[in-house]
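All remarks here apply to the structure that follows.
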Amino acid sequence: MDKRVVNGNNMKSIFKHFTEGCESMVSNLIVEQVECFDIGQILESGQVFRFEQINENSYILIAKQKRIKLVQQPGSNNLMIHHTTVGEFDEIWKAYFDLDTDYKGISKTLSDKDAYMKAAIEFGYGVRILKQDPWEMLISFIISQNKAIPHIKQCIANITERYGDEIGYDHDTDKTYYTFPTPEQLLRATEEELRECKVGFRAPYIVDACKKVTSGEVDLNELYILSASEAKEKLMQIKGVGPKVSDCILLFAYSKMDLFPTDVWIKRVIEGMYFEGKEISLKAIQTFAREYYGDLAGYAQQYLFFYGRENNLYK
DNA sequence: TATCAGGGTCGTT
DNA sequence: AACGACCCTGAT
């Protein structure tokens with residue numbers, strides 16, 4: 001058994017590297033001492049759509065052109081990642097899972113705000129904000145509008161099966177998985193074909209996104225260096241991308257952490273917690289969040305979304 | 001069987 | 001600024 005210990009990031013994580021059986025040449029990895037990290041909470045917090053739960057403690061995740069299996073025992077600070085390597089961990093997963101960010105400090109600051117936030121963070125202590133692919137987030141959140149999460153996942157799966165490249169077969173789920181199609185690959189899809197993927201009235205929006213991204217009219221790489229409001233303006237040039245969808249893209253792919261995507265769930269939670277259940281405008285919620293949570297608004301949103309939706313609060 | 005809402009946005013008043 | 005329409009699906 002090949003065993004290796006690597007150390008050294010802000011979290012002082014230790015990685016053990018091992019190979020298991022002879023099923024494949026790709027090895028597995030144990031990440032030790034992960035803080036504020038619960039893989040189930042992270043995946044179920046509504047920011048990512050390409051995963052499946054295998055059992056209570058295991059998930060398959062498709063991201064970064066790869067398929068990994070994640071296992072974490074309840075309350076454990078150890079995370080096992082199957083089908084990956086130490087090299088891949090350093091290059092890909094460390095950033096993807098935002099492991100260099102001090103969630104202990106962030107959750108402490110937010111918990112001290114008020115009892116509601118404290119309760120939300122106690123409930124979702126292991127929530128993190130992933131750093132995902134901009135193009136995939138753009139298409140995924142265009143699809144998300146006026147849809148339930150299981151349906152969103154289904155549409156995205158349909159699109160990847162039809163236009164992505166095969167990644168491989170998974171024994172646990174008995175399914176074959178595909179990459180998320182590139183803008184060039186998805187550009188080949190007609191509106192009618194997209195409707196066959198069940199995206200409905202969003203099909204022309206996806207066509208428009210493909211055109212504007214492949215032509216360079218909207219440069220997704222440029223958005224990293226733009227301010228949140230400038231980037232938002234760019235994204236909203238694409239049909240079907242409004243304020244909520246662009247906020248999600250900028251939070252979940254570009255780490256613009258001061259944004260506060262406001263959907264029906266968050267709206268209800270904020271109204272219930274801070275406005276005595278009275279209905280207030282989206283604009284008022286944005287203003288409140290920006291002032292109250294400051295540059296931690298994005299994190300607050302994620303804790304509140306998970307808390308509110310998992311507990312069906314204020315419905 | 002019918003109605004409704006779901007991580008909103010667009011086009012029309 | 002307000003309002004209905006919109007594909008499709010699962011829950012009542």
Using the 3.5 Å cut-off, write out each protein N or O paired with an N or O of nucleotides 5-9 of chain C and the distance between them.
unit_1	atom_1	unit_2	atom_2	d
dC7(C)	O5'	Arg195(A)	NH1	3.1
dC7(C)	O4'	Phe201(A)	N	3.1
dC7(C)	O2	Arg202(A)	NH1	2.8
dC7(C)	N3	Arg202(A)	NH2	3.3
dC7(C)	N4	Asn146(A)	OD1	3.0

*Flag the pair Glu196(A) and Arg162(A) as a salt bridge only when some basic side-chain nitrogen lies within less than 4.0 angstrom of an acidic carboxylate oxygen.*
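So Glu196(A) pairs with Arg162(A) through a salt bridge.
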
*Linking Ile, Leu, Val, Met, Phe, Trp and Tyr through side-chain heavy atoms less than 4.5 Å apart, which residues share a cluster with Leu282(A)?*
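Reading the cluster by chain and number, Leu282(A) sits alone, since nothing else belongs.
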
_Cluster companions of Ile167(A) among Ile, Leu, Val, Met, Phe, Trp, Tyr (side-chain spacing under 4.5 Å)_ =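 Joined to Ile167(A), directly or through intermediates: Ile54(A), Ile60(A), Ile62(A), Tyr177(A).
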
*Taking only side-chain nitrogens and oxygens of Arg268(A), does any of them come within less than 4.0 Å of OP1 or OP2 of dG6(B)?*
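Yes, because at least one side-chain N or O of Arg268(A) sits under 4.0 Å from OP1 or OP2 of dG6(B).
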
_Tyr103(A)/Asp98(A) under side chain to side chain contact (heavy atoms under 4.5 Å, CB included): CA gap, chis, key distance, verdict_ = CA-CA 9 Å; Tyr103(A) 279 77; Asp98(A) 203 18; 2.6 Å; yes

*Any salt bridge (Lys or Arg N to Asp or Glu O under 4.0 Å) pairs touching residues 295-312 of chain A, not counting sequence neighbours?*
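Every pair satisfying salt bridge (Lys or Arg N to Asp or Glu O under 4.0 Å) with a residue in residues 295-312 of chain A: there are none.
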
_Show every salt bridge (Lys or Arg N to Asp or Glu O under 4.0 Å) that has at least one partner inside residues 238-266 of chain A, sequence neighbours left out._
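Output for this query lists Lys232(A)-Asp247(A).
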
*Neighbour count above 12 (heavy atom, 6.0 Å) for Lys211(A) NZ*: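 No, because the 6.0 Å sphere around NZ of Lys211(A) holds 12 heavy atoms or fewer from other groups.
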
*Can you tell me if Gln41(A) uses its side chain to pair, donor with acceptor, with the backbone of Phe123(A) under 3.5 Å?*
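Indeed, once roles are kept as given, a pair shorter than 3.5 Å links the two residues.
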
*Fit a plane to each ring of Phe97(A) and Trp93(A), take the angle between them on a 0 to 90° scale, and name the class: parallel (under 30°), tilted (30 to 60°) or perpendicular (over 60°).*
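Plane angle between 30° and 60°, so tilted.
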
*For DNA chain C, write out the stems as range with range, using runs of 3 or more consecutive Watson-Crick or G-U pairs with both distances under 3.5 Å.*
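The stems that DNA chain C takes part in, listed by first number, are B:2-6 with C:8-12, B:8-13 with C:1-6.
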
Give every donor-acceptor pair under 3.5 Å between a side-chain atom in residues 139-149 of chain A and any protein atom, sequence neighbours left out.
unit_1	atom_1	unit_2	atom_2	d
Ser140(A)	OG	Glu136(A)	O	2.6
Ser144(A)	OG	Phe141(A)	O	2.8
Gln145(A)	NE2	Ile142(A)	O	3.2
Gln145(A)	NE2	Gly240(A)	O	2.9
Lys147(A)	NZ	His151(A)	ND1	3.0
Lys147(A)	NZ	His151(A)	NE2	3.3
Lys147(A)	NZ	Lys198(A)	O	3.4

*Which residues share a side-chain contact (heavy atoms from CB on, under 4.5 Å) with Glu184(A), sequence neighbours left out*: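 Residues passing side-chain contact (heavy atoms from CB on, under 4.5 Å) with Glu184(A): Thr182(A), Thr214(A).
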
*Residues that Glu271(A) engages under side-chain contact (heavy atoms from CB on, under 4.5 Å), provided they are two or more places apart*: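 With neighbours one apart ignored, the set is Lys267(A), Glu279(A), Ile280(A), Ile285(A).
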
_Atom pair distance, as rounded to whole Å: CD1 in Ile206(A) and C1' in dT9(B)_ =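 Going from CD1 in Ile206(A) over to C1' in dT9(B) covers 14 Å.
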
*When the distance from CH2 of Trp265(A) to C1' of dA5(B) is rounded to whole Å, what number comes out?*
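The distance from CH2 of Trp265(A) to C1' of dA5(B) comes to 11 Å, rounded to the nearest Å.
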
*asked:* Below 4.0 angstrom, which residues in residues 239-264 of chain A have at least one non-hydrogen atom near DNA chain C?
replied: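 None - not one residue of the stretch has a heavy atom sitting under 4.0 Å from the strand.
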
*Contacting residues from residues 273-294 of chain A, given that a heavy atom lies under 4.0 angstrom of DNA chain C*: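 Residues of residues 273-294 of chain A that come under 4.0 Å of DNA chain C do not exist, since none gets that close.
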
*For Glu196(A), report the nucleic acid contact type (base, sugar-phosphate, nothing); a contact means any heavy atom under 4.0 Å.*
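Result for Glu196(A) = nothing.
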
*Could you pull out all residues at least two apart from Tyr224(A) that satisfy ring-ring contact (aromatic ring centres under 6.0 Å, His included)?*
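Listed in chain order: Tyr254(A).
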
